[in-house]
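What follows is one structure encoded as structure tokens, with my remarks underneath.
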Amino acid sequence: MFQVIKQEDRARRGRFSCAHGGEVQTPVFMNVGTQGAIKGAVSAHDLKALK
């Protein structure tokens with residue numbers, strides 16, 4: 001669910017509620033990677049080292 005907290009002209013500040021119970025204040029820069037992008041960027045050896 002997205003809730004607008006404040007708005008001036010076309011700019012807005014809000015709160016995004018996630019299904020798992022977390023909240024994100026907006027605007028925010030959020031890195032989002034697809035499963036394919038993650039598989040191509042990190043090797044299985046690196047993942048094991050990171051646990």
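In this text, all values refer to a predicted model and were calculated from it rather than measured experimentally.
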Legend entry - By side chain to side chain contact (heavy atoms under 4.5 Å, CB included) - contacts of Gln7 (at least two apart): Val4, Arg12
Legend entry - Arg15 side, atom CZ; Thr26 side, atom OG1 - distance, nearest 0.5 Å: 9.5 Å
Legend entry - Nearest-0.5 Å distance, CE of residue Met1 to CZ of residue Phe16: 11.0 Å
Legend entry - Pairwise side-chain contact, Glu8 with Arg13, heavy-atom cut-off 4.5 Å (strictly under): no
Inset, instruction - Check Val24 against Cys18 and note the closest heavy-atom contact, atom names and distance. - result: CG2-SG, 4.4 Å
